A.B. asks: 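Dropping the structure in here first, questions after.
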Amino acid sequence: MLLVLMISCKKADDDWIPTGSNTFSCKVDGQMFAPKESGGVFSSTKPLHAGYDRRRKLLLVEAERSSQQVSFYLSNLVLAGKYSLGFTSLPYPASTSPISYGIYVQPVPGPDPYNQPPPIRYYTDSVYAGTVQIVRFDTLARIAGGTFEFVARESATGKLVRITDGRFDVRF
């Protein structure tokens, strides 16, 4: 009986259709990550942001929690399907036509809360890469959703971070 329940749960997951519910989750090195507002009085950033540039066919999805950020950029996105993450040019916005890539930003705590050191940035590249499976991409309803995973590397130290079990359902 347990096997039947597991199969039916998997089938339901396979039938998932994004609705634009503005949800996002993943695991960062095995630890659950979901966007959350910082709670600061003067905080003006949304913990989950998505945008689509029709001219460049570029989808951006950014999720933040306590200055920790998981994001990906997909270039040449026009249809649902599987897209590779990795880049060989400078990331957006330094490059006006970046290749698809994933990024993880990790804050570095410091003794002075008003003068924090710069965060550590991990990027996918031609060796450490990943995928995004777009389940729904609807430019009329402005909805994108799917799953993702990637391995990203910090360039100075070579340290890796693994982003797994990612899922998003956003309005852009």
Side-chain angles (χ1 to χ4, degrees), residues 13 16 18 20 22-36 38 45-109 116-139 142-172:
D13 193 42
W16 172 64
N22 284 323
T23 57
F24 182 104
S25 66
C26 65
K27 290 183 181 175
V28 176
D29 284 336
Q31 299 296 311
M32 279 304 300
F33 173 91
K36 182 179 178 185
S38 63
T45 60
K46 295 179 182 178
L48 179 59
H49 171 76
Y52 181 68
D53 182 331
R54 288 178 189 261
R55 185 178 54 80
R56 292 188 290 171
K57 299 177 181 78
L58 175 70
L59 176 71
L60 153 70
V61 178
E62 296 177 325
E64 187 172 332
R65 180 184 73 203
S66 302
S67 299
Q68 181 184 24
Q69 185 182 62
V70 177
S71 307
F72 59 84
Y73 298 75
L74 293 179
S75 59
N76 299 315
L77 176 62
V78 291
L79 298 170
K82 191 172 189 175
Y83 293 82
S84 296
L85 296 176
F87 74 92
T88 56
S89 65
L90 292 173
Y92 180 83
S95 171
T96 56
S97 57
I99 306 299
S100 299
Y101 66 96
I103 180 172
Y104 170 69
V105 178
Q106 178 182 24
V108 177
Q116 294 291 313
I120 300 171
R121 297 179 184 277
Y122 299 77
Y123 291 95
T124 58
D125 57 29
S126 58
V127 175
Y128 299 101
T131 58
V132 176
Q133 178 70 46
I134 300 291
V135 175
R136 180 178 180 192
F137 182 65
D138 185 335
T139 57
R142 300 176 52 107
I143 294 173
T147 59
F148 64 95
E149 63 180 24
F150 61 88
V151 177
R153 182 176 66 90
E154 198 279 322
S155 62
T157 64
K159 184 179 174 187
L160 302 177
V161 65
R162 286 170 175 71
I163 309 299
T164 57
D165 300 328
R167 188 176 190 142
F168 67 100
D169 182 357
V170 294
R171 288 192 177 271
F172 54 84

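It should be emphasised that the depicted structure is a prediction, and the values quoted were computed from it without experimental measurement.
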A.B. asks: How long is the span from the CD atom in Gln31 to the OG1 atom in Thr164, to the nearest 0.5 Å?
C.D. replies: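 One finds 10.5 Å between CD of Gln31 and OG1 of Thr164.
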A.B. asks: Can you find a pair of side-chain heavy atoms, one from Phe72 and one from Thr124, that are under 4.5 Å apart?
C.D. replies: no
A.B. asks: Check whether the ring centres of Phe168 and Phe24 lie less than 6.0 Å apart, and answer yes or no.
C.D. replies: no
A.B. asks: Taking the side chain from Asn22 and the backbone from Val170, do they hold a donor-acceptor pair closer than 3.5 Å?
C.D. replies: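 No: the side chain of Asn22 does not pair with the backbone of Val170.
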A.B. asks: As an exercise, state the distance from CG of Asp53 to CG of Leu60, rounded to the nearest 0.5 Å.
C.D. replies: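 One gets 10.0 Å once the value is rounded to the nearest 0.5 Å.
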A.B. asks: Determine which pairs satisfy salt bridge (Lys or Arg N to Asp or Glu O under 4.0 Å) with at least one residue from residues 66-85, sequence neighbours left out, and list them in order.
C.D. replies: none
A.B. asks: Quick one: does Tyr73's side chain get under 4.5 Å of Glu62's, heavy atoms only?
C.D. replies: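 Contact flag for Tyr73/Glu62 side chains = yes.
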A.B. asks: Which pair of non-hydrogen atoms, one from Ala63 and one from Ser71, has the smallest distance, and what is that distance?
C.D. replies: N-OG, 4.4 Å
A.B. asks: Check whether any side-chain heavy atom of Ile120 sits under 4.5 Å from a side-chain heavy atom of Thr157, and report yes or no.
C.D. replies: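 With C-beta onward as the side chain, the pair stays apart.
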A.B. asks: Can you pull out every salt bridge (Lys or Arg N to Asp or Glu O under 4.0 Å) where at least one residue sits in residues 151-164? Sequence neighbours excluded, please.
C.D. replies: Asp125-Arg153
A.B. asks: Could you work out, with salt bridge (Lys or Arg N to Asp or Glu O under 4.0 Å) as the rule, every residue matching Arg136, not counting sequence neighbours?
C.D. replies: Asp138
A.B. asks: Fit a plane to each ring of Phe137 and Tyr52, take the angle between them on a 0 to 90° scale, and name the class: parallel (under 30°), tilted (30 to 60°) or perpendicular (over 60°).
C.D. replies: perpendicular
A.B. asks: Show me the donor-acceptor pairs, under 3.5 Å and distance only, between side chains in residues 142-149 and residues at least two apart or in other chains.
C.D. replies:
from: Arg142; atom 1: NE; to: Phe172; atom 2: O; distance (Å): 2.4
from: Arg142; atom 1: NH2; to: Phe172; atom 2: O; distance (Å): 2.6

A.B. asks: Which value, rounded to the nearest 0.5 Å, describes the distance between Ile163 atom CD1 and Ile103 atom CD1?
C.D. replies: 10.5 Å
A.B. asks: Rounded to the nearest 0.5 Å, what separation is found between the CD1 atom of Ile99 and the CG atom of Asn76?
C.D. replies: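 Between Ile99 CD1 and Asn76 CG, I get 7.5 Å after rounding to 0.5 Å.
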A.B. asks: Looking at Val135 and Ala80, what are the two nearest heavy atoms and their distance?
C.D. replies: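 It is O-CB, 3.8 Å.
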A.B. asks: Compare all side-chain heavy atoms of Val70 with those of Val61 and state whether any distance is below 4.5 angstrom.
C.D. replies: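 A side-chain contact is absent here, since even the closest heavy-atom pair is not under 4.5 Å.
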A.B. asks: Quick one: list whatever passes salt bridge (Lys or Arg N to Asp or Glu O under 4.0 Å) with Asp29, sequence neighbours left out.
C.D. replies: none
A.B. asks: Centroid separation under 6.0 Å, is that true for the rings of Tyr122 and Tyr128?
C.D. replies: no
A.B. asks: Considering all heavy atoms of both residues, which atom of Pro107 and which atom of Ser67 are nearest to each other, and what is their separation?
C.D. replies: CD-O, 3.6 Å
A.B. asks: Provide the closest heavy-atom pair for Pro119 versus Val105 in the form atom of the first, atom of the second, distance.
C.D. replies: CB-CG1, 3.5 Å
A.B. asks: Does Ser25 reach the side chain of Met32, with side-chain heavy atoms less than 4.5 Å apart?
C.D. replies: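 Yes. Closest side-chain heavy atoms under 4.5 Å.
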A.B. asks: Would you say Ser100's side chain and Ser75's backbone share a donor-acceptor pair under 3.5 angstrom?
C.D. replies: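 Here the side-chain-to-backbone pair exists.
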A.B. asks: Could you tell me which residues satisfy salt bridge (Lys or Arg N to Asp or Glu O under 4.0 Å) with Lys57, sequence neighbours excluded, listed by chain and number?
C.D. replies: none
A.B. asks: Quick check for you: to the nearest 0.5 Å, what is the distance between Leu59 atom CG and Thr139 atom OG1?
C.D. replies: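 So the CG of Leu59 and the OG1 of Thr139 are separated by 11.5 Å.
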